Number of protein chains: 2
Amino acid sequence: MPKDRSPTRIQKKNRAAILEAALEVFSAHGFRGATVDQIATQAGLSKPNLLYYFPSKEAMFTALLSELLDTWLDPMREINPEGDPLEEILAYVQRKLQMSRDYPRESRLFANEIVQGAPRMLDALSTDLRGLLEEKCAIIETWMAAGKINRTHPKHLMFSIWSLTQHYADFDVQVRMLMGDEDPFDAAPEFLETLYRRMLTPKG
Amino acid sequence: MPKDRSPTRIQKKNRAAILEAALEVFSAHGFRGATVDQIATQAGLSKPNLLYYFPSKEAMFTALLSELLDTWLDPMREINPEGDPLEEILAYVQRKLQMSRDYPRESRLFANEIVQGAPRMLDALSTDLRGLLEEKCAIIETWMAAGKINRTHPKHLMFSIWSLTQHYADFDVQVRMLMGDEDPFDAAPEFLETLYRRMLTPKG
DNA sequence: CTTGGATTTGACCAACTGGTCAAACTCACG
DNA sequence: CGTGAGTTTGACCAGTTGGTCAAATCCAAG
């Protein structure tokens, strides 16, 4: 295992290669379904070499999670309390949809883990996600109280956004199988915009 | 392996116990993450005994899938072309939500499999699901053409219903962690009814 | 160029896992 | 009862997998 002084050129390169490979393999097969050998092959390194950089398979997984969770939550952080309520929420939906299009592996990584009870992620979630959600829900509630958007259950509203957008990444194979040639991401942005505009525009 | 004449009392009981245990274990850990031993313990039988009833782990899994897929699609089958369009869709949403509440393991079983690319399910899906979806989307399109509900992309509409309802089963741990004491299924029915009513009621 | 730390790996191990099998046991039925 | 088919299992096997380690190789700083 590398000493924890400032990382060498090689350490930086290999750690990055391993985490990229780990993302590829873990997101496709889940933690248990992935093997260290697969990740090693994907990264172009030998298995013992991986275990020189990470003490265990588990450590690779948690390192990957903590590296990604922050970026994953960025779209939500960008919700601006000062902006126009409806437009803020619509923009958030579009950012989340972009994430599903551009980073489907990340989405599936989290999906895999949460569906199985999030045994290795609950702590991180209840730390980082919980607070952020409370904060944004409070904002949404003031918007509702001010009559800027229709009144509804803020948490369920957020869940619905996560669910609808991540569905296109997590259930990609099913969606594509059912849509044939058509690219799901062609119509999805408009569909979701319409949905939330009708849902939230006041005086419905 | 039992002969394929009419099953004995013991065969019926044990096959059922095995499939119930398999559902429990596969839905919690995915195919690769589940072990035959776990299923055996859960079923109260020995490992070789399971393999007396099913030739392989794979066979247990596919038997389970094909047994469940039919019931899983029932709520969609019940959509009635003769009924009131908006009410038919709202009722479908509620049926799906009930499924998530009452059969979360089934939902997670499918979710696990599809997130990982549905390697053992794509055939069944493209046979059973594809046709059913086309049929129901055609109905929805006539409803839209007749101005009974707002015009939108029918397939995306169906995806949205699956996504929103199954989210409460598949991401159960996350949802409950974020909602604290409150039961997600208390507010979900009303939330979803409001959402689809606003989305679909004509002249929005 | 030397040298000591950083990096890499072939060989190996113990635990686990899906699956087999012959022997033992149970049960329905005559 | 007795008997043969139906059922159960302990012992076992081969392949896989996470992880170890000593030896070999590489590399950057003096």
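Given the structure is predicted, the values throughout are model-derived calculations rather than measurements. Lettering follows sequence order; numbering is per chain, from 1.
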Separation of C:dG18 P from B:I18 CD1 (nearest whole Å): 15 Å
message: I need the CG-P distance between A:L45 and C:dG10, as an integer number of Å.
response: 12 Å
Nucleotide C:dT17, atom P - distance to CG of B:L50 in whole Å: 14 Å
message: So, does B:N14 get its side chain near the phosphate of D:dT8, meaning an N or O under 4.0 Å from OP1 or OP2?
response: yes
- request: Between protein and nucleotides 15-25 of chain D, map the contacts as a letter string: B base, S sugar-phosphate only, - none, heavy atoms under 4.0 Å, written 5' to 3'.
  value: --SBBBB----
Are there any protein N/O atoms within less than 3.5 Å of an N/O atom in nucleotides 26-30 of chain C, and if so, which ones and at what distance?
residue: C:dA28; atom: OP1; partner: B:R9; partner atom: NE; Å: 3.4
residue: C:dA28; atom: OP1; partner: B:R9; partner atom: NH2; Å: 2.6

- prompt: Does A:R197 pair with A:E87 as a salt bridge, N-O distance under 4.0 Å?
  reply: yes
Residues A:R101 and A:D183 bridged, charged N to O under 4.0 Å: no
- prompt: Between C:dT7 and A:Q11, is there an OP1 or OP2 to side-chain N/O distance shorter than 4.0 Å?
  reply: yes
- request: Flag the pair A:E106 / A:S27 as yes when at least one side-chain heavy-atom distance between them is below 4.5 Å, and no otherwise.
  value: no
field: Neighbour count >12 (heavy atoms, 6.0 Å) for atom CD, B:Q98
entry: yes
query: Do you know the tightest heavy-atom contact between B:L129 and B:W162?
result: CD1-CH2, 4.0 Å
message: Any carboxylate oxygen within less than 4.0 angstrom of a Lys/Arg side-chain nitrogen, looking at B:E78 and B:K136?
response: no
message: If the cut-off is 4.0 Å, is B:T8 near the phosphate of D:dT7, judged by side-chain N/O to OP1 or OP2?
response: yes
query: What is the distance from OH of A:Y53 to C1' of C:dA6, rounded to the nearest Å?
result: 8 Å
Residue pairs, two or more places apart or on separate chains, that pass side chain to side chain donor-acceptor pair (under 3.5 Å) and touch residues 164-176 of chain A: A:S107-A:D170, A:Y168-B:H156, A:D172-A:R176
- prompt: Below 4.0 angstrom from OP1 or OP2 of C:dT7, is there any side-chain N or O of A:N49?
  reply: no
message: Whether A:Y52 contacts C:dT7 is assessed here as follows: a side-chain N or O lying under 4.0 Å from the phosphate OP1 or OP2. Is that the case?
response: yes
- prompt: Hey, mind stepping through A:T71 and A:Y103 against side chain to side chain contact (heavy atoms under 4.5 Å, CB included) and telling me if it holds?
  reply: CA-CA 11 Å; A:T71 346; A:Y103 305 102; over 6 Å; no
message: Within this structure, what is the CD1-CG distance for the pair B:I79 and B:L132, rounded to the nearest 0.5 Å?
response: 8.0 Å
